Amino acid sequence: MQYHFINSGLHTDVEFPDQDIREIYIPLLEHLDELQKQKTGRILVMLAAPPGAGKSTLASFLVYLAGCLHMQPVTLIGMVIYFIFLFFC
């Protein structure tokens, strides 16, 4: 799947393999969506990796994919050097 987003003012095009989307990202989002429903409240997910590893790209894509799948709203709430925070509300 081709994905286009803007990161720090830079237009970025990336491709996520369909197999990875089916086998990794959708099951991850389904698990987090179910966890949020069980907790009946917000959950915080943190991504940690070195600079340039693709944290912002992955986080942005997961927000987009969750919207496509009509899941609970997911918000990218911040970035602190090595961490990306996703907020499932």
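All figures in this text were calculated on a predicted structure; none of them were measured in a lab. For the numbers below, each heavy atom of this structure counts, side chains included, while hydrogens, waters and symmetry mates do not.
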In short, R22 meets P27 closest at the heavy-atom pair O-CD, 3.2 Å
Could you go step by step and tell me if F61 and F16 meet the ring pair (Phe, Tyr, Trp, His ring centres under 6.0 Å) rule? CA-CA 9 Å; F61 180 69; F16 289 90; 3.9 Å; yes
Is it the case that atom CD in E15 sees more than 12 heavy atoms from other parts of the structure closer than 6.0 Å? yes
Decide yes or no for L29 and I26: does some side-chain heavy atom of the first lie under 4.5 Å from some side-chain heavy atom of the second? no
For residues M1 and Y64, determine if any side-chain heavy atom of one lies less than 4.5 Å from a side-chain heavy atom of the other. yes
Is any side-chain heavy atom of L62 less than 4.5 Å from a side-chain heavy atom of V74? no
Any chance the side chains of Y3 and T57 put a donor and an acceptor closer than 3.5 Å? no
If you round to the nearest 0.5 Å, how far is OG1 of T75 from CG of L44? 11.5 Å
Could you grab the distance from atom SG of C68 to atom CD1 of I21, nearest 0.5 Å is fine? 9.5 Å
Against I43, only a single residue in K37, Q36, Q72 fulfils side chain to side chain contact (heavy atoms under 4.5 Å, CB included); can you say which? Q36
Is the number of heavy atoms from other residues, nucleotides or ligands under 6.0 Å of F5 CZ greater than 12? yes
Could you check whether atom NE2 of H4 has more than 12 heavy atoms from other residues, nucleotides or ligands sitting under 6.0 Å from it? yes
